[in-house]
Undergrad: 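First the structure, then my questions, so here it is.
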Amino acid sequence: MSGGRSITVLNVAEKPSVAKSVATILSRNQGLRVRDGRSRYNKIFEFNYAIRGQSCNMIVTSVTGHLMELAFEERYRKWHSCDPVQLFHAPVHKFVPEDKLDIKRTLEQESRRAQWLVLWLDCDREGENIAFEVVEVCTAVNHHLNIKRAHFSALIERDIHDAVQNLVQPNKWFADAVDARQEIDLRIGASFTRFQTLLLKDAFNIDSVTDDRNIVLSYGPCQFPTLGFVVERYWEIQSHEPEEFWTINCSHNSDDGISTFSWTRGNLFDYTCAVVFYEMCVQESTATVVNVRRQETLKYPPHPLNTIELEKRASRYFRMSSEHTMKVAEDLYQAGFISYPRTETDCFSQRTDLHGIVREQQEHQIWGAYAQRLLDPESRLWRNPSGGGHDDKAHPPIHPTKFSAGERGWSQDHHRLYELVVRHFLACVSQPAVGAVTTVEIDIAGELFSTSGRMILARNYLDVYRFESWGGSTIPTYVSGQQFVPTTLTLDSGVTRPPPLLSEADLLSCMDKEGIGTDATMHDHIKKLLDRFYATKDANTRFTPTNLGEALVMGYDDMGYNLWKPNLRAIMEHEMKAVSEGTKRKDEVLASCLQQMKTCFLDARVNKQKLLEAMEVFFERSNGSGGDENRAVGEVVQLCGLCQDSDMVLKRNRDGNYMVGCLGFPQCRNVVWLPGSIAEATVTSDRCTLCTPGPVYLIQFKFRQLEIPPNYNANHLGCVGGCDDILRQLTEICGTGSRVSARGRGTSSSNVQRDNPGQSVCIFCQQVGHSSNDCPSQSVGSRSAQRRQSGESSVSCSSCGSPCVLRTANTANNRGRKFYKCQSQECNFFVWEDNVDNGNGGNSVQRSNVRSSGSAPSNLNPGQNTGRGRGRGRGRGRDRDRDRGQGQIAATFVSATGEPISDRRCFVCGDPSHFANVCPNRGA
DNA sequence: GCAAGGTC
């Protein structure tokens, strides 16, 4: 019933592929004509159609994303043209950039003869904004255009026909929100980038970091929080303090095999408590099976694939960078093998022909057979996919759109990515894997232990999704009430480990969670970190901040700003939402947002010293930059014992605290932090007569009297070579001015020592691997040191009488502390070296020395963990040892890790050298 | 020489 004269309707889509789909669907592929436009990518489709009875000559074309850009007016473009703060107000304008002019000309040309303009842009905020850009271009040449918006949620027939028959008005609020976002991003980005680049680039020697390339120290509201995630994790790792924990393990060997039971209490951080439980178990060690549970468990296939999941999985399975993944995906999409790769959607529309997609894959040599099984109702392998709850209303999940057995010209990554998309799709429409899990619970002396085994009953989707596995494990059969004697019962220890560096997949998750970037841009932000030399990525796709990246974040953090955290973006997003919902006006949000950012900018400029100081931690001042020469170079104290290459010089950090650091920094990070109570320090020409290798120049210290105990002299000629007890004691008492010991941010724990023990050198013994607080050369006296030197071992095993060997403990509580241990595998004899002289188990050695740290309790050191309030009641090892009381410890048991347990005896034979579980007389 | 967002 198309009546009257035909009108010409210009339809504009966001991308060529959508223009083609819309034209194909509406024309039903009949009478569809295609011609070239001015732009080679954006074809023009023509056909006849009736909208609500009105006969129309339909012209369908496209743009390629945004048609316009936002930029400062010419006079502000040059970096030195204005004070960067002016960029918060400088006039900006929207214009069509050079590379989009062809598209603009096509739109103008087609608009002139059209009566209607129908906007088929993606149905999100950006799409709405692009719609208004198109409107601006088209109405500029034809004021009479009737503007309409088509709302569609998927490129499928019903939606597209519905959309064109129910045209609406474009939503200005949505477009306004994007306008505001663009302007804020531009003003903040340009002002801060110019500010920090001009401030820092030439003031420091950062060329080594940047390949001598002319670099820009950019700031952006997405790239900086992304960097923030990387730095925060890095700090978390650096500040991690390993904590020892204890657990009881039980194993049982039977004819059916071996079972390993783990303690249901898990890991205990209280050593004494763990020992009490352990002894209970050992003394009453018969195990009773109290529960045998069999349960069917399912392992579900993944949700349909969206962009972030594609990037994460390609990174995990193939170590492909997100940026490269998107490039390859784009190729596959352009060639028609996969659907549109930039989508948030992870659920299929009910109207998608899922079976049709599977049918296409039946002929594949490798996974074709699986596709055939899926389609066979007898196999009962099919399952309608469950969605992950995301839908951008514009694109379906990523799925194969055309069969391929591999194309000539595909790289290995093209093959891999296509395979991932196909296998993922086939997995989505498959039944979950089914397993039978058997859990056995046993009771030993009232303590519960459990073990479990899994049998895979049906692999289902795992047959095609080779990227995931679900291991099976078997355990012997147990019945409730059964009793047995454990084969081993051990008290084992472990230490907590820091989290790993962020992987690319982790980083994408952080960004997704905090709303940094969009599915189409996240990989760009990650790449930017690498391009700007803010971070590096290792072979395992894990990110480490560079000195430059860390310094920038540190600088802003020291100012007290969260500019490197996702908060700023979250606030902006919240404001944008208000604009898109019409509860706030664009101008209002722009004004308040920019005002706040401008205040922040001015404040940052006032505090620019913080940025400079943070940079100083990592970089040398460049020549003639006017930096404090004394601070940058310092006075030579000795040759660095770590790199053996550069001098160690006396320096002050920006907080005024003294340190002796290696000039080889940042390649060598050797540093000796000095007491925080130093008012002045000067390197003298006097050399230490004791410390080697020399020369080590003595330092004249002047301490702030009120900050040191009364029995110490405020003036002290000291040595950092390792011989100076007073200096060591004051360091322990007063703490150091180490930045890392004072920082401890970005983690849930408070101030903790962040020095990397692998990189710092002990002030006393000059050895790498521990700090002065844990220095073994200081914690045992000169007598024991002499003993070590002579190789003398005067302690004999109380059990077998063999001479003991001297070992050094490497546990958190007693790192560096020496102990004697029987060499025999059979004996568990153990005694701390510093208990030997008290008659605590040794037989011949006279103790000549008490632990010299006794006068300076380590918990006065603010950098230590005493103030962290972990609340687990763990004292440091040496304190705990004191608490135990001197002179009462007899031969002690050792655990698997060489830790003493108690002075108890084997309940079977009474021998103090072992527990009943390993008693040779057991069962005799 | 600056941002982030579309897309080719």
Undergrad: Categorize A/E126 for me: base, sugar-phosphate, or nothing, with a 4.0 angstrom heavy-atom threshold over every strand shown.
TA: sugar-phosphate

Undergrad: Does NZ or CZ of A/K172 lie under 6.0 Å from the centre of the six-membered ring of A/F132, at an angle within 45° of the ring axis?
TA: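 Relative to the ring axis of A/F132, which defines the angle, A/K172 lies inside both limits.
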
Undergrad: Pairing donors with acceptors under 3.5 angstrom, does anything connect the side chains of A/H66 and A/K100?
TA: no

Undergrad: Just checking A/R181: base, sugar-phosphate only, or nothing, at a heavy-atom cut-off of under 4.0 Å?
TA: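 Base contact - A/R181 has a heavy atom under 4.0 Å of at least one base atom.
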
Undergrad: When we call it a touch if two heavy atoms are under 4.0 Å apart, what does A/R125 touch: a base, just sugar-phosphate, or nothing?
TA: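 No contact at all - A/R125 keeps every heavy atom at 4.0 Å or more from the nucleic acid.
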
Undergrad: Kindly write out the residues that satisfy side-chain contact (heavy atoms from CB on, under 4.5 Å) with A/K104, not counting sequence neighbours, or none if the list is empty.
TA: A/V96, A/L101, A/E108, A/V137

Undergrad: Take A/S17 and A/R77, find for each the nucleotide of DNA chain B with the closest heavy atom, and name the residue whose nucleotide sits nearer the 5' end.
TA: A/R77

Undergrad: Applying a 4.0 Å non-hydrogen cut-off, can you work out what A/Y340 is touching in the nucleic acid: base, sugar-phosphate, or nothing?
TA: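 It contacts sugar-phosphate atoms only.
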
Undergrad: Give one of base, sugar-phosphate or nothing for A/D122, where a contact means two heavy atoms less than 4.0 Å apart.
TA: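 Counting heavy atoms under 4.0 Å across all strands, the contact made by A/D122 is with sugar-phosphate only.
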
Undergrad: Contact class for A/L70 (heavy atom, under 4.0 Å): base, sugar-phosphate, or nothing?
TA: base

Undergrad: Using a 4.0 Å heavy-atom cut-off, does A/Y219 contact any base of the nucleic acid, only the sugar-phosphate backbone, or nothing at all?
TA: sugar-phosphate

Undergrad: Closer to the 5' end of DNA chain B via nearest nucleotide, is it A/T197 or A/H525?
TA: A/T197

Undergrad: Contact class for A/K327 vs. all strands (heavy atom < 4.0 Å): base, sugar-phosphate, or nothing?
TA: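 Counting heavy atoms under 4.0 Å across all strands, no contact is made by A/K327.
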
Undergrad: Counting the atoms with a prime plus P, OP1 and OP2 as sugar-phosphate, which does A/T193 contact under 4.0 Å by heavy atoms, base, sugar-phosphate, or nothing?
TA: sugar-phosphate

Undergrad: Have a look at A/E110 and tell me which of A/R105, A/R38, A/R35 forms a salt bridge (Lys or Arg N to Asp or Glu O under 4.0 Å) with it.
TA: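 One option only clears the test, and that one is A/R35.
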
Undergrad: Check every strand shown and say whether A/S39 touches a base, only sugar-phosphate, or nothing at a heavy-atom separation below 4.0 Å.
TA: nothing

Undergrad: Taking atom types as modelled, find out whether A/D179 and A/N129 have a side-chain donor-acceptor pair closer than 3.5 angstrom.
TA: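 Looking only at side-chain atoms, A/N129 and A/D179 do form a donor-acceptor pair, the distance falling under 3.5 Å.
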
Undergrad: Is the Lys NZ or Arg CZ of A/K565 less than 6.0 Å from the centre of A/F229's six-membered ring, within 45° of the axis?
TA: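 No, A/K565 and A/F229 do not form such a contact.
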
Undergrad: Of all nucleotides in DNA chain B with an atom under 4.0 Å from a non-hydrogen atom of chain A, which is the first and which the last going 5' to 3'?
TA: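 Listed 5' to 3', the contact boundaries are B/dG1 to B/dC8.
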
Undergrad: Reckon A/P84 touches a base, only the sugar-phosphate, or nothing at all at heavy-atom distances under 4.0 Å?
TA: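 If one applies the 4.0 Å heavy-atom cut-off, A/P84 turns out to touch nothing in the nucleic acid.
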
Undergrad: May I ask you to say what A/G517 touches in the nucleic acid, namely base, sugar-phosphate or nothing, with a heavy-atom cut-off under 4.0 Å?
TA: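 Answer is sugar-phosphate: A/G517 comes under 4.0 Å of backbone atoms only.
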
Undergrad: Kindly say whether A/T343 contributes a backbone atom to a donor-acceptor pair with the side chain of A/T307 at under 3.5 angstrom?
TA: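 A pair under 3.5 Å: yes.
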
